[in-house]
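Notes for the one structure printed next.
Quick note on labels: first sequence line is chain A, next is B, and so on, each numbered from 1.
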Amino acid sequence: MLCTRHDMVRRRLLVTKVIAVLSKLREFVMKNLKYVGMALAASLVCVFLWFNPLPSRASQPSVQLQTEPSLSQVVPDEAPVRMALQAVDATGQPLSNVRFQLQLLTPVKTPWFTSDFPIVEGTKLLELNAKAPSGKLEFEQVMPIRGNYTLKAQVTPAIAGAFEAFDRSLQLSVPENPVKYRNAAILIGILILAGIGGGWVIGSDRTVQNGEIAPQPIRLLLSAATVVAIAVLLFVNISAELGSARGHGEMQAATTPSVQRSQDLEVRLLGDRQATVGQLSSQTIEVIDPKTGNSEADVIVNVKAIALEDNKQMFAYQGRTDNQGHLTWKEQFFDGAPHQVVAEVAPPNSLALQVSHEVEVEGIEPPLYIRFISLSYYTGIFVLSLLGGIWWHRRSTRSVSLFGR
Amino acid sequence: MMVSSTSLWQRTKQVTLSVPVQVALLASLCALILWTLYFSTYPPVHDALHATRHGTAAVACH
């Protein structure tokens, strides 16, 4: 009875407090009615815009991007991705006589979960100045790593005043290669099994019998660890020997000269012969008339870059020479291995002229701190499994002894 | 003197076989093997396991 009366008093107090707070709130609203009204209106507008976004770029020219395969199916450092950019006007109609200035930027640095090419992260992959008479630019590029790439396109008219120049920035999201997760899962599985097994042995009875240096389980564990170490070192050394034997036989590219001449055209391949991972390397094709020495404009040139280690095409592009008879592009050779740059010109009345040169690419070792971060993850998994194994063994031993009692 | 060296030997055995030292030794062996296989820049090792490194998540190569 007493308790019920006490509860009633508490409830009354609570109701009084709520009424007081509400009346204060009412006073505040009445005093600042103007501001509250404005805040409510702004909120309503925000909600409306959230559900009905304005067509922000509908009335502006833009760049449409198509990729083959679609970005969700791209596998980093595998087959090249075919990219087609189309400049369109405000009504969505293709623009003609366009000049593209293109920059492809790699994803930002991710030291806490590094990609396999950390030096490539946060750099420029490609720089291309291209003429596009139909407003369309196509090229093929291998995407080295997962993440969000930025494609910056500056579009200017080839004929002055044809349209207003504009620039657009597009985001390309490339997923990670699923094989990497599978292999990491296998490695983690091995570490967990080895850790739990080791912990189980360490957690067992460690009393030394007469004449023993160490208890039997510890001796077994040490022997197993030694066998593993021997197997790993044998594997590494034998693989290294086989690898170096193979290495001497490769990198023999079918080279063509860097200058070729026909009756009507002379094609020269100029540019860097030495490149470094993480930096752009400049390559230029020069086309001239051998009789007069004048530069040849608007000659169609097919260029490609091939990684010689596994004969893989990394970049391909069909472009036209400018008024100086030049076609210049800058690309990053992201794999620290020799590459070959090949250019082909097919004159209408004669055989195709092919020029090429080899580019030595200097690989940069990943920073130590990035490797230590990754090592700590995998070692941490092993240590946790080891501690788990010790705990598991002691718990099971305790259970057995309890049952025994 | 004999007693002292025997007790030192006993103490060394005890410390060596203690759980923290055993855990530290095994963890070091594991870390060393992982470093050699996945993170070492020694060219023969790097070349032999180049594809494996590129095919494993969170492993940096060049």
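Atom-to-atom distance recorded for B/F39:CZ and A/I373:CD1 is 10.5 Å, nearest 0.5 angstrom. With rounding to the nearest 0.5 angstrom, the OG1 atom of B/T56 is 10.5 Å from the CG atom of A/N177. Atom NE2 of B/H46 sits about 9.0 Å away from atom CD of A/E365, to the nearest 0.5 Å.
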Worksheet item: For B/L49 and A/F235, what are the C-alpha separation, side-chain angles and deciding distance, and is it a side chain to side chain contact (heavy atoms under 4.5 Å, CB included)?
Response: CA-CA 10 Å; B/L49 293 165; A/F235 171 73; 3.6 Å; yes
Worksheet item: Run the side chain to side chain contact (heavy atoms under 4.5 Å, CB included) check on B/Y38 and A/R371 step by step: do they pass?
Response: CA-CA 9 Å; B/Y38 287 95; A/R371 286 182 280 155; over 6 Å; no
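Two residues are said to be in side-chain contact when any heavy atoms from C-beta on lie closer than 4.5 Å; B/L34 and A/Y377 fail this criterion.
Using a 4.5 Å cut-off between heavy atoms, A/Y378 touches chain B through backbone and side chain atoms alike. Contacts of A/V277 with chain B are absent, with no heavy-atom separation under 4.5 Å from either backbone or side chain. Using a 4.5 Å cut-off between heavy atoms, B/L26 contacts chain A through both its backbone and its side chain. Contacts between B/L25 and chain A at a heavy-atom distance below 4.5 Å are absent for every atom of the residue. Using a 4.5 Å cut-off between heavy atoms, A/F113 touches chain B through its side chain atoms alone. Heavy atoms of A/D335 lying under 4.5 Å from chain B belong exclusively to its side chain.
The aromatic rings of A/F372 and B/W35 sit parallel, their planes meeting at an angle under 30°, below the 60° perpendicular limit.
Ranked by heavy-atom pairs under 4.5 Å with chain A, the first of B/A31, B/G55, B/P43 is B/G55. When each of A/I390, A/T114, A/T379, A/L375 is scored by its heavy-atom pairs under 4.5 Å with chain B, the top score falls to A/L375.
Listed by sequence position, A/V179, A/K180, A/Y181, A/N183, A/A184, A/L187, A/L191 are the residues of residues 178-191 of chain A in contact with chain B, using a 4.5 angstrom heavy-atom cutoff. Proximity to chain B at a heavy-atom threshold of 4.5 Å picks out A/P118 from residues 118-125 of chain A, in numerical order.
Shortest non-hydrogen contact noted between A/A229 and B/L29 is CB-CD1, 4.3 Å.
Panel note: side chain A/S374, backbone B/A58; a donor-acceptor pair is recorded below 3.5 Å.
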